[in-house]
Amino acid sequence: MSKRSKGIKNFLRQLVYYHTNKVVQIRSFKLGLLYYFLIALVLCYVCLWMIWWRKGYQSSDQLIGLTSVKVKGVSYLNTTNGIVVWDAEDVVRPAKESEALFITTNFMETPKQQRSQCGTDVTCNTNEDCEKGDAYEDRGILTGVCDRSKGNGTCLMHAWCPTESKDDTNINNLLSGIDTSFTVFIRQTVKSTKWSYTTSNYVNTTVTEGAGKNLFTVDDMTGNTFSKVQKQGAVFAVIMNWNIDLDKKGVQWLPTFEFVKIADGPEDKGFNYRYANYYYLQNGTSDPIETRDLYKVFGLRFIFLLGGSARKFDIIPLIITIGSGLAFLSIAAVLADLIALYILPGRKFYNTVKFENAHEHEEEEDLPTERTALLSPSPSSSTNLGEESLSLTNLEEGYHVNHSKDKGQILDTVRFK
């Protein structure tokens with residue numbers, strides 16, 4: 001058989017060789033201390049962190065819930081004609097909104113708009129300069145007529161006139177008293193469908209003021225930053241976190257509230273939208289004319305979010321947590337082996353006694369030469385009651401090894417000096 005064929009044959013045989021563990025006792029106090037210290041660390045991690053702190057003995061269920069909000073209070077606006085009162089019905093627009101709330105803090109009003117023709121910023125000399133039917137920004141449709149009644153010609157458009165001012169940077173209709181006099185009552189009811197458990201932060205029909213309960217001022221909900229966001233408005237997330245432990249009986253669970261401003265810095269453009277109040281005005285003897293008051297309102301938009309879960313003891317998560325945690329115990333053995341194989345003074349000999357090739361049907365004299373040489377009988381070797389003992393002292397490497405055979409069982413003991 002050629003060398004190449006033998007090489008292929010040996011390679012294929014090695015693929016199916018069986019590997020088994022061999023026990024080698026290393027009598028090193030430092031290595032043993034390190035090993036059991038790592039074992040203690042792993043057990044502390046499993047028991048204290050995974051099971052106790054992370055509740056690894058419980059299964060969890062995501063909560064579902066519904067949030068309802070009520071706003072009460074009164075604010076006012078100082079005008080040249082006196083004080084104009086804005087109560088909750090004026091400030092909260094729309095009155096009902098799913099999982100959200102808007103409170104007006106500033107506004108711009110364009111009163112008594114009617115459908116008619118009004119001017120634009122498009123200059124013209126003749127009617128041909130005004131393309132009939134073209135949209136002008138988002139305000140109206142060009143009529144195709146150039147109006148020169150005021151000197152420089154401008155194109156006319158069909159729109160709600162008078163149009164809204166384009167300059168809203170100097171709007172200063174700030175409503176006073178919203179931050180302190182307005183209160184927001186937040187009621188949230190949650191349910192765990194897995195365990196059919198329902199609770200609410202509105203307990204025994206009582207309203208309790210304070211964080212973590214259900215009643216807040218607007219200034220509380222803005223994180224005491226109301227004066228900074230009143231003019232341009234802002235968007236806040238109201239996060240209600242529930243941490244329900246159903247293994248504790250007779251406990252009334254309440255959520256923790258977190259108020260987070262969504263946008264900040266250069267990306268913060270505030271929040272505003274428009275709405276209109278429609279009505280009809282009598283114009284002499286002609287039919288009433290449809291009229292509206294257009295409002296561009298700035299304010300605080302609160303979005304209510306539900307977080308958290310309900311937990312309860314379950315044997316399956318506990319078994320999985322313990323199993324996955326105890327798998328880390330192998331790390332201690334791996335680290336101890338690495339230290340013994342590559343760091344300790346007797347690392348060369350330890351490599352030899354740890355890794356050994358055993359050949360099927362081979363006699364003792366057929367053992368690898370390096371193994372036979374290392375474990376050669378010492379002058380003091382003896383045989384007693386079927387026991388065979390071999391010893392080797394390596395002064396250069398600083399270790400002593402005893403190799404004993406008792407009733408067919410082999411144990412290598414390495415003692416480091």
Verdict with reasoning, Tyr202 to Phe185, per ring-ring contact (aromatic ring centres under 6.0 Å, His included): CA-CA 10 Å; Tyr202 184 51; Phe185 170 67; 5.2 Å; yes

Do the rings of Trp49 and Trp53 sit parallel, tilted or perpendicular, given the 30° and 60° boundaries? parallel

Partners passing ring pair (Phe, Tyr, Trp, His ring centres under 6.0 Å) against Phe259 (at least two apart in sequence or in another chain): Phe216

Side chains of Asn127 and Lys132, heavy atoms from C-beta outward: is any pair under 4.5 Å? no

Will you find, in the side chains of Tyr295 and Asn277, an N or O donor that is under 3.5 Å from an N or O acceptor? no

With a 4.5 Å limit on heavy-atom distance, are the side chains of Phe257 and Ile186 in contact? yes

Does a donor on one side chain sit under 3.5 Å from an acceptor on the other, for Thr199 and Gln252? yes

Could you work out, with salt bridge (charged side-chain N to carboxylate O under 4.0 Å, His left out) as the rule, every residue matching Asp121, not counting sequence neighbours? Lys166

Should the heavy atoms of other residues, nucleotides or ligands under 6.0 Å from OH of Tyr36 be counted, would the total exceed 12? no

Not counting sequence neighbours, which residues clear side-chain contact (heavy atoms from CB on, under 4.5 Å) with Val122? List them please. Thr120, Tyr136, Cys155

Restricting to ring pair (Phe, Tyr, Trp, His ring centres under 6.0 Å), what partner residues turn up for Phe271, sequence neighbours left out? Phe102

Do NZ/NE/NH1/NH2 and the carboxylate oxygens of Arg301 and Glu97 come within less than 4.0 Å? yes

State, to 0.1 Å, how close Leu294 and Gln113 come at their nearest heavy-atom pair, and which atoms those are. CB-OE1, 3.4 Å

Do you know the tightest heavy-atom contact between Trp160 and Glu290? CZ3-O, 4.0 Å

Testing the 3.5 Å rule here: is there a donor-acceptor pair between the side chains of Thr67 and Gln188? yes

When you compare the side chains of Ser149 and Asp147, does any donor N or O come within less than 3.5 Å of an acceptor on the partner? yes

Considering residues at least two apart in sequence or located in another chain, which fulfil the side-chain contact (heavy atoms from CB on, under 4.5 Å) criterion with Gln58? Lys55, Asp245, Asp247, Arg311

With a 2.5 Å cut-off on the SG atoms, do Cys146 and Cys124 make it? yes

Could you tell me which non-hydrogen atom of Val42 sits nearest to which non-hydrogen atom of Gly325, and how far apart they are? CG1-O, 4.0 Å

Please name the pair of heavy atoms, one in Arg347 and one in Ile343, separated by the smallest distance, quoted to 0.1 Å. NH1-O, 3.5 Å

Check: Ser116/Gln114 side-chain N/O donor and acceptor closer than 3.5 Å: no

Nearest atoms (heavy-atom pairs only) where Val91 meets Ile103: CG1-CG2, 3.2 Å

For Gln62, is there any backbone N or O sitting under 3.5 Å from a side-chain donor or acceptor partner on Ser309? no

Taking it one step at a time, do Ser192 and Asp61 satisfy side chain to side chain donor-acceptor pair (under 3.5 Å)? CA-CA 6 Å; Ser192 168; Asp61 182 35; 2.7 Å; yes

Between Tyr197 and Trp253, is the gap from one ring center to the other below 6.0 Å? no

From the list Asn78, Leu77, Asn106, side chain to side chain contact (heavy atoms under 4.5 Å, CB included) partner of Leu174 resolves to Asn106

How long is the straight-line distance from CZ of Phe182 back to OG1 of Thr105, given to the nearest 0.5 Å? 11.0 Å

Nearest-0.5 Å distance, CG of residue Leu300 to CG of residue Asp179: 10.0 Å

Phe328 and Tyr45: CA distance, side-chain angles, deciding distance, ring-ring contact (aromatic ring centres under 6.0 Å, His included) verdict: CA-CA 9 Å; Phe328 288 110; Tyr45 171 76; 5.7 Å; yes

Go through Lys296 and Glu164 one step at a time and tell me if the salt bridge (charged side-chain N to carboxylate O under 4.0 Å, His left out) criterion holds. CA-CA 9 Å; Lys296 182 177 182 180; Glu164 182 185 67; 5.4 Å; no

Does anything in residues 44-119 form a disulfide (SG to SG under 2.5 Å)? List the pairs, not counting sequence neighbours. Cys118-Cys161

